[in-house]
Protein chains: 2
Amino acid sequence: MTAENRADHRPASPPLTERQEARRRRILNASAQLAARGGFDAVQMREVAEAAGVALGTLYRYFPSKIHLLVATMQDQLQHMHTTLRKRPPAGADPAERVAETLMRAFRALQREPQLADAMVRALTFADRSVSPEVDTVSRLTTAIILDAMGTEHPTPSQLSAVRVIEHTWHSALITWLSGRASIAQVKIDIETVCRLIDLTAPAPAPEPAR
Amino acid sequence: MTAENRADHRPASPPLTERQEARRRRILNASAQLAARGGFDAVQMREVAEAAGVALGTLYRYFPSKIHLLVATMQDQLQHMHTTLRKRPPAGADPAERVAETLMRAFRALQREPQLADAMVRALTFADRSVSPEVDTVSRLTTAIILDAMGTEHPTPSQLSAVRVIEHTWHSALITWLSGRASIAQVKIDIETVCRLIDLTAPAPAPEPAR
DNA sequence: ATCAAGTCTGTAACTTGTTCTAGATTAGCG
DNA sequence: CGCTAATCTAGAACAAGTTACAGACTTGAT
């Protein structure tokens, strides 16, 4: 929320007219809708273009690849989620609990549209260097959500590392669940497990006799 | 190393003749070689087939998709690594150190062939349900490597969860490094951070007054 | 209102993963 | 050896992501 608005999610290079904004939105909606139906494979560029009412070439002008499109779709969804989560902040007593609660809430949201989750997460981890900026934006959004839940304004490097590890676990656990190799219960356990790292890296303010 | 040899890496359905074994090996070598050159994209099925001296249809009979092929390639490489690692076990005093050391050793090995690593890891995380058994085998191999480093014979559920989280972090950190979004130093820090979970889940044998 | 530059459309072509087919080869067996 | 089923080969064909291009439409500036 500070000055890092530069790469927020619109490169801002050309300001985009109203019609263009509308096209972009139609594309993202079409993408999300197709993804929600049949997952990654169902998001076919020709179909997205048709559903959004734009030509294939235009679709590619807005999103230079299917991966870019799906990562942008994820950005979009994450933004929704972030505002939704802010409305009812987690109630846990300590940061670890609150983060686990937040992530599980997000997880439940994803469970409602598993195919969409599949498409987005697969795209995210499959993205190569050419999508780095966009993936980074998603990562920053996720970090913001986690830090929000922690209630930490100025995280230490060690806390940031813990947050990164939590994100790693979050993505990877999601994938194992989506591909049917882990149960929901297992994901829950893993998230709770990794969240313990937060206590471990807390900057020992005053109470809590650790070791 | 016990009785779970059943799904080791050969489905054992038809025992495979010598020539077939040789074909399979040629294919895996070709795959690894092409991957080492140009990463995921350079592993093109027609090229693999040609390099291995088999027809395209045959390649598909052995590995039903590019993802299957690359995941099998990873199995293969992991097996090498496992035996290599066993020759010189990690020297650290406590389990967390040893695991971190082992993973960093593996990481350095991957750094020597970053393109190969890219191809294998991308395939692994992109794999869908149809590849679950193979991905699971890779996962079991990784677990075995980590448990070896821990020196833990009979892990508790809580320890297994920690190991899963470590694997999640390992894969995901690898991806962020491969796509240029994290430095080697950051990967190191994240691995060391997540390895602290091992101490946290140790079954408190006698010393260590926690809380 | 007019012109130039930039966008958008429709469509075809190209690439690479995947499938299919017809005809050779090979393996196992009597 | 000679037969049969399975396997392998070569090559065409198909699918979906991506690129290319000619012509129509918008936009912004004069």
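To find a chain, count down the sequence lines: A is the first, B the second, and so on, and within it residues start at 1.
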With nearest nucleotides of DNA chain C determined for A:G53 and B:F40 from heavy-atom distances, which residue corresponds to the more 5′ nucleotide?
A:G53
Among D:dT18, C:dT9, D:dT7, which nucleotide sits nearest the side chain of A:R23?
C:dT9
Closest-nucleotide 5' rank along DNA chain D - winner of A:G57 and A:V43
A:V43
Could you state the interatomic distance from CD (A:E134) to OG (A:S65), rounded to the nearest 0.5 Å?
8.5 Å
Just to be sure I understand the rule, does B:V48 reach a base, reach only the sugar-phosphate, or reach nothing, if contact means heavy atoms closer than 4.0 Å?
nothing
In whole angstroms, the gap separating C1' of C:dT26 from CD of B:E18 amounts to 14 Å
Between A:D76 and A:R25, is there a side-chain N and carboxylate O pair less than 4.0 Å apart?
yes
Of all residues at least two apart in sequence or in a different chain, which pass the ring-ring contact (aromatic ring centres under 6.0 Å, His included) check with A:W177?
A:F107
Closest nucleotide of DNA chain C for B:L56 versus for B:T17: which of these residues is on the 5' side?
B:L56
Report yes if a side-chain nitrogen or oxygen of A:R61 is closer than 4.0 Å to either non-bridging phosphate oxygen (OP1 or OP2) of C:dT7; otherwise report no.
yes
Check every atom of C:dT9, D:dG17, D:dC8 against the side chain of A:V54 and return the nucleotide holding the closest atom.
C:dT9
Which nucleotide wins on minimum distance to the side chain of B:K66, given the candidates D:dT18, C:dT18, D:dC8?
C:dT18
When rounded to whole Å, the CG to C1' distance for the pair B:L34 and C:dT16 reads 14 Å
Checking all strands, does A:Y62 fall into the base, sugar-phosphate, or nothing category for heavy-atom contacts under 4.0 angstrom?
sugar-phosphate
Applying side-chain contact (heavy atoms from CB on, under 4.5 Å) to A:L147 and A:Q159, what does each step give before you reach the verdict?
CA-CA 10 Å; A:L147 286 177; A:Q159 284 179 309; over 6 Å; no
Separation of atom CZ in B:F126 from atom P in D:dG17, rounded to whole Å:
10 Å
Can a salt bridge be assigned to the pair B:R98 and B:D148 using a cut-off of 4.0 Å between side-chain N and carboxylate O?
no
Using whole Å, what does the distance between atom P of nucleotide D:dC8 and atom CD of B:E50 come to?
19 Å
Do B:E192 and B:K188 meet the salt-bridge criterion of a basic N to acidic O distance under 4.0 Å?
yes
As an exercise, state the distance from CG of B:N29 to CG of B:L34, rounded to the nearest 0.5 Å.
11.0 Å
Starting from the first five and the last five pairs of the helix from C:dA1-D:dT30 to C:dG30-D:dC1, work out the angle between the resulting helix axes, to 10 degrees.
20°
Among D:dT7, C:dT7, D:dT18, which is the nearest nucleotide to the side chain of A:M45?
D:dT18
Whole-Å distance between C:dC8 P and A:R24 CZ?
13 Å
Can a side chain N or O of A:Q20 be found less than 4.0 Å away from OP1 or OP2 on C:dC8?
yes
I need the CG-P distance between A:L59 and C:dG10, as an integer number of Å.
14 Å
Measure from the side chain of B:Y60, starting at C-beta and using heavy atoms only, and say which of D:dT19, D:dC8, C:dG17 lies closest.
C:dG17
Out of A:E113, A:Q75, A:M74, A:Q115, which residue meets the side-chain contact (heavy atoms from CB on, under 4.5 Å) rule with A:M120?
A:M74
Between atom CD in A:E21 and atom P in C:dT7, what is the gap in whole Å?
15 Å
What is the nucleic acid contact for A:R19, judged by heavy atoms within less than 4.0 Å: base, sugar-phosphate only, or nothing?
sugar-phosphate
Take the protein atom NE2 of B:H68 and the nucleotide atom C1' of C:dG17, then report the distance between them rounded to whole Å.
14 Å
